[in-house]
Visitor: 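Dumping the structure here so I can ask a few things about it.
These numbers come from a predicted model, not from an experiment.
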Amino acid sequence: MSLRRCTESDRAAILSYIAAEPEINLFIYGDIESVGVDRDPVHVFVPAGEAAGQWSGLLLQYYENYLYYSCDPGADLAPFVEFLQGRRVENLNAKGELAHRLAPYFPTLRPTDAHMSRCNAETCAPAGPLPAGLSVRRFGKAEVDEVLELLRGVEEFSDTYRGDPRERERMARYLDMGGMIYGGCLDGRLVATAQTTAASSRSAMVISVATRPDARGRGYASAVVSALCRDNFAAGRQFLCLFYDNPAAGRIYHRIGFRDVGVYTIMSAAR
């Protein structure tokens, strides 16, 4: 069985298919709402010949990044594996149980498990006082280079932000698609940042939470993430999600109001 590329006529069936797990499928919601079902860089693929909305799974493409989802944890992977093995894949993501079934077919991709957490508008912690001297505000495209400079200097993001010119383009595109970037500054110097991507009218994903190594342990990242969350909720979004694999970071996010909902796996090409 081969895969077929979906069109806008499949939108309702796709959204119905993924509705049972809105957190896991946050990226799909955001990309389809912001870009569409079949417009670069977003495309959705399903098994050819299967009835609309009754698919054994679906695959979303965003540039060279792919997200696999199935309602059936034991679904046939063969058509998806065959399709992906003929393409350049930088990242292949799925909820944990599905990703670990896929992993043996893609030995060049390195799987990393992370906790997925969700924060609802009504459970977000009230704003506390900012750390002494810190100012927090929303950034725009003019400050993307400043944000990238910080991220490239943080070891945890060394595999993601390596100086590729496309990084600036993609971060600017996040803003065009409804994402937000927030920064915390001390004496005019950016010391912490966080942003959202995959934004839709009801949700978004918090990513790239970072603090300069010489400014850690002072609550700067917590203040930035809190402001980012509050403004997303003020814009009408119902919930936000994020990934973490560091227990210390998890405790910070839990204080803000995030609660774990499951394991998500990111399979990345070695760099």
Visitor: Measure the spacing between OG1 of Thr197 and CE of Met177 and express it to the nearest 0.5 Å.
Guide: 6.5 Å
Visitor: Looking at residues at least two apart in the chain, or sitting in another chain, which of them share a side chain to side chain donor-acceptor pair (under 3.5 Å) with Arg173?
Guide: none
Visitor: Evaluate the ring planes of His254 and Tyr244, with Trp represented by its six-membered ring, and classify them as parallel (under 30°), tilted (30 to 60°) or perpendicular (over 60°).
Guide: perpendicular
Visitor: Is it true that, when you exclude Glu82 itself, more than 12 heavy atoms of the residues, nucleotides or ligands shown sit nearer than 6.0 Å to its CD?
Guide: no
Visitor: So does Gly30 get a backbone contact from the side chain of Ser34, meaning a donor-acceptor N/O pair under 3.5 Å?
Guide: yes
Visitor: Quick check on the hydrophobic clustering: are Val206 and Leu26 connected, directly or via other members, by side-chain heavy-atom contacts under 4.5 Å?
Guide: no
Visitor: Looking at Phe233, I want to see if its CZ is surrounded by more than 12 non-hydrogen atoms of other residues, nucleotides or ligands under 6.0 Å.
Guide: yes
Visitor: Report yes or no: do Phe239 and Ile28 belong to one cluster of Ile/Leu/Val/Met/Phe/Trp/Tyr joined by side chain heavy-atom distances under 4.5 Å?
Guide: yes
Visitor: Pairing donors with acceptors under 3.5 angstrom, does anything connect the side chains of Tyr66 and Glu90?
Guide: no
Visitor: Okay, side chain of Gln85, backbone of Tyr105: is any donor-acceptor separation there less than 3.5 Å?
Guide: yes
Visitor: Please step through side chain to side chain donor-acceptor pair (under 3.5 Å) for the pair Tyr63 and Arg166, ending with a clear verdict.
Guide: CA-CA 11 Å; Tyr63 291 102; Arg166 292 179 298 175; over 6 Å; no
Visitor: When rounded to the nearest 0.5 angstrom, what distance separates OG1 in Thr7 from CZ in Arg39?
Guide: 14.5 Å
Visitor: Do Leu60 and Tyr29 sit in one hydrophobic cluster, given that two such residues count as connected whenever their side-chain heavy atoms are within less than 4.5 Å of each other, even indirectly?
Guide: yes
Visitor: Would you please indicate yes or no on a ring centroid separation below 6.0 angstrom for Tyr182 and Phe139?
Guide: no
Visitor: Calculate, to the nearest 0.5 Å, the distance between atoms CZ and CD belonging to Arg118 and Glu23 respectively.
Guide: 4.5 Å
Visitor: Do Ile14 and Leu58 touch side chain to side chain, with heavy atoms closer than 4.5 Å?
Guide: yes
Visitor: Keeping the roles fixed (side chain from Thr193, backbone from Gly183), state whether a donor-acceptor pair exists under 3.5 Å.
Guide: no
Visitor: Does some side-chain heavy atom of Ile181 sit less than 4.5 Å from a side-chain heavy atom of Glu143?
Guide: no
Visitor: Between CD of Glu146 and CG of Leu190, what distance do you get to the nearest 0.5 Å?
Guide: 5.0 Å
Visitor: Can you list the residues that meet the side chain to side chain donor-acceptor pair (under 3.5 Å) rule with Ser268, with sequence neighbours excluded?
Guide: Asn91
Visitor: Main chain of Ala75, side chain of Arg101: is a donor-acceptor contact present, judged purely on distance under 3.5 Å?
Guide: yes
Visitor: Charged N to carboxylate O below 4.0 Å: is that the case for Arg4 and Asp10?
Guide: yes
Visitor: When you compare the side chain of Asp176 with that of Lys141, does any pair of heavy atoms fall below 4.5 Å?
Guide: yes
Visitor: I'd like to know if the side chain of Gln238 pairs up with that of Ser203 as donor and acceptor (distance under 3.5 Å, no hydrogens or angles considered).
Guide: no
Visitor: Under a 3.5 Å distance rule, please check whether Asp260 uses its side chain to pair with a backbone N or O of Ser117 as donor and acceptor.
Guide: no
Visitor: Kindly say whether Glu122 contributes a backbone atom to a donor-acceptor pair with the side chain of Asn120 at under 3.5 angstrom?
Guide: no
Visitor: Determine whether Val37 and Arg5 make a side-chain contact, defined as any pair of heavy atoms from C-beta on separated by less than 4.5 Å.
Guide: no
Visitor: In a check of side chain to side chain contact (heavy atoms under 4.5 Å, CB included) between Phe243 and each of Ile266, Thr112, Thr265, which one passes?
Guide: Ile266
Visitor: Answer yes or no: is there an ion pair linking Asp231 with Arg138, defined by an N-O contact shorter than 4.0 Å?
Guide: no
Visitor: Return yes if a side-chain donor-acceptor contact under 3.5 Å exists between Tyr220 and Arg212, otherwise no.
Guide: no
Visitor: Check whether any side-chain heavy atom of Val136 lies under 4.5 Å from a side-chain heavy atom of Leu130, and answer yes or no.
Guide: yes
Visitor: Check side-chain contact (heavy atoms from CB on, under 4.5 Å) between Glu167 and all other residues, then give those that pass, not counting sequence neighbours.
Guide: Leu148, Arg152, Tyr161, Arg162, Asp164
Visitor: Kindly say whether Ser200 contributes a backbone atom to a donor-acceptor pair with the side chain of Arg237 at under 3.5 angstrom?
Guide: yes
Visitor: Is the shortest heavy-atom distance from the side chain of Tyr62 to the side chain of Leu67 under 4.5 Å?
Guide: no
Visitor: Please work out whether the ring planes of Tyr264 and Phe27 are parallel, tilted or perpendicular, with thresholds of 30° and 60°.
Guide: tilted
Visitor: Going through the distances and angles, do Glu156 and Arg216 end up as a salt bridge (charged side-chain N to carboxylate O under 4.0 Å, His left out)?
Guide: CA-CA 13 Å; Glu156 295 93 318; Arg216 293 181 176 174; 3.2 Å; yes
Visitor: With the threshold set at 4.0 Å, does a side-chain nitrogen-carboxylate oxygen contact exist between Glu64 and Arg170?
Guide: yes
Visitor: Can any side-chain N or O of Ser226 pair as donor or acceptor with the backbone N or O of Ser222 at less than 3.5 Å?
Guide: yes
Visitor: Is there a donor-acceptor pair closer than 3.5 Å between any side-chain N or O of Tyr68 and the backbone N or O of Phe80?
Guide: no
Visitor: Report yes if some heavy atom in the side chain of Glu21 is under 4.5 Å from a heavy atom in the side chain of Val261; otherwise report no.
Guide: no
Visitor: Do Arg202 and Pro22 make a side-chain contact, defined as non-hydrogen atoms from C-beta onward lying under 4.5 Å apart?
Guide: yes
Visitor: Inspect the contact between Arg189 and Asp214 and indicate whether a charged nitrogen and a carboxylate oxygen are less than 4.0 angstrom apart.
Guide: yes
Visitor: Checking the side chain of Glu97 only, and the main-chain atoms of Ala99 only, is there a donor and an acceptor separated by less than 3.5 Å?
Guide: no
